[in-house]
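Computed over heavy atoms, backbone and side chain alike; hydrogens, waters and symmetry mates excluded.
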2 protein chains.
Amino acid sequence: MTGRPTLTVSTDDPTPPYEQLRRQLSDLIEYGVLGPGERLPPLRQLASDLGLAVGTVARAYRELEVAGLIISRRGGGTRVAVNPRRASEEVLHERAAIFVRDARLLGADDEEIKSAVTRALGR
Amino acid sequence: MTGRPTLTVSTDDPTPPYEQLRRQLSDLIEYGVLGPGERLPPLRQLASDLGLAVGTVARAYRELEVAGLIISRRGGGTRVAVNPRRASEEVLHERAAIFVRDARLLGADDEEIKSAVTRALGR
DNA sequence: CAAGTTGTCTCAAGTAATTGACACAAAGGC
DNA sequence: GCCTTTGTGTCAATTACTTGAGACAACTTG
């Protein structure tokens, strides 16, 4: 499976396009599908492929750059950061937040959530 | 775990609040946490709990009603539909769409996707 | 060095979502 | 029957997002 990742944007999804893009690229980097130094499509190409304005794609890239996942340079294109800081704490905290949100959605209180984790830890 | 589900809306998430709400309620119904006939919070209460305008919560409810998941009646409140049509085809197609989207994001082409499913089927 | 590529920035216009307030209609509770 | 609750609808104002175009700066390629 050597094909390049296919990014998509759905107009049915009320999530703003720049955010849909940001999430997909963030996932690709987190899972290592896009490795350090790997090149991302040029703004204009990705924009035309997805039917978006350049500024919209630029916003997704900008937010990923602020997060330290990619690096953009004029004329040099955009590449995955050498060491996209994400493997450790950031992802852990994000996952913890998602877990707590989901648990609360299910109706669990703080005690139940903590004890469920303790149990999953195997005591 | 008898607590009531805790719905949340994040202002950090660019996803519009009405959509965040719609997804959470849809999930709760799909997973059966909210059973048929069960009452949802009144518009004004949920709106004030989440710091939203009544119209925003109303939009989430309206979309869920159009989808056949809940039923709203003036003065009677809003309840989970007797038979929220969702268990069968709709969920299946949604999951298939998500799988295909994820697979393409990973760089798989149509053939690879189909053969991966065949393989997962145990031949 | 010259030309092309690519990211950055600005701008005005249009669309979508949210808010807060209000009025109204239908159902439930006493 | 009356009052309260609750969903529905409208409205104007505000904010966020997107678009399309254009200009510019920095890097790459030949």
Out of [options], whichever nucleotide has its closest atom nearest the side chain of [X]:
X: A:Y18; options: D:dT8, C:dT8, D:dC17; value: D:dC17
X: A:V54; options: C:dT8, C:dT6, D:dC27; value: C:dT8
X: B:A53; options: C:dG7, D:dT6, C:dG20; value: C:dG20
X: A:R74; options: C:dT18, D:dA26, C:dA26; value: D:dA26
X: B:P42; options: C:dA17, D:dG20, D:dT6; value: D:dT6

5'-most contact on DNA chain C (nearest-nucleotide basis), A:R44 vs B:G55, goes to A:R44

For [N] and [X] - does any side-chain N or O of the residue sit under 4.0 Å from the phosphate oxygens OP1/OP2?
X: B:R62; N: D:dT8; answer: no
X: A:S72; N: C:dT6; answer: no
X: B:R39; N: D:dT6; answer: yes
X: A:T56; N: D:dT19; answer: yes
X: A:T78; N: C:dG7; answer: yes

So if I take the C1' atoms of five pairs at each end of the helix from C:dC1-D:dG30 to C:dC30-D:dG1 and get each local axis, what angle do the two axes make, rounded to 10 degrees? 40°

Would a distance-only check, ignoring hydrogens and angles, find a side-chain to backbone donor-acceptor pair under 3.5 Å from [X] to [Y]?
X: A:Q20; Y: A:T15; result: yes
X: B:Q24; Y: B:L21; result: no
X: A:E65; Y: A:S72; result: yes

Comparing B:A58 with A:G51, nearest DNA chain D nucleotide closer to 5' gives the residue B:A58

If you look at every strand shown and take non-hydrogen atoms under 4.0 Å, does B:Q45 touch a base, only sugar-phosphate, or nothing? nothing

I would like to know whether A:D12 and A:S10 meet side chain to side chain donor-acceptor pair (under 3.5 Å); could you show each step before the answer? CA-CA 5 Å; A:D12 290 344; A:S10 166; 4.6 Å; no

Applying the side chain to side chain contact (heavy atoms under 4.5 Å, CB included) criterion to B:Y61, which one of B:I71, B:V66, B:L25 satisfies it? B:L25

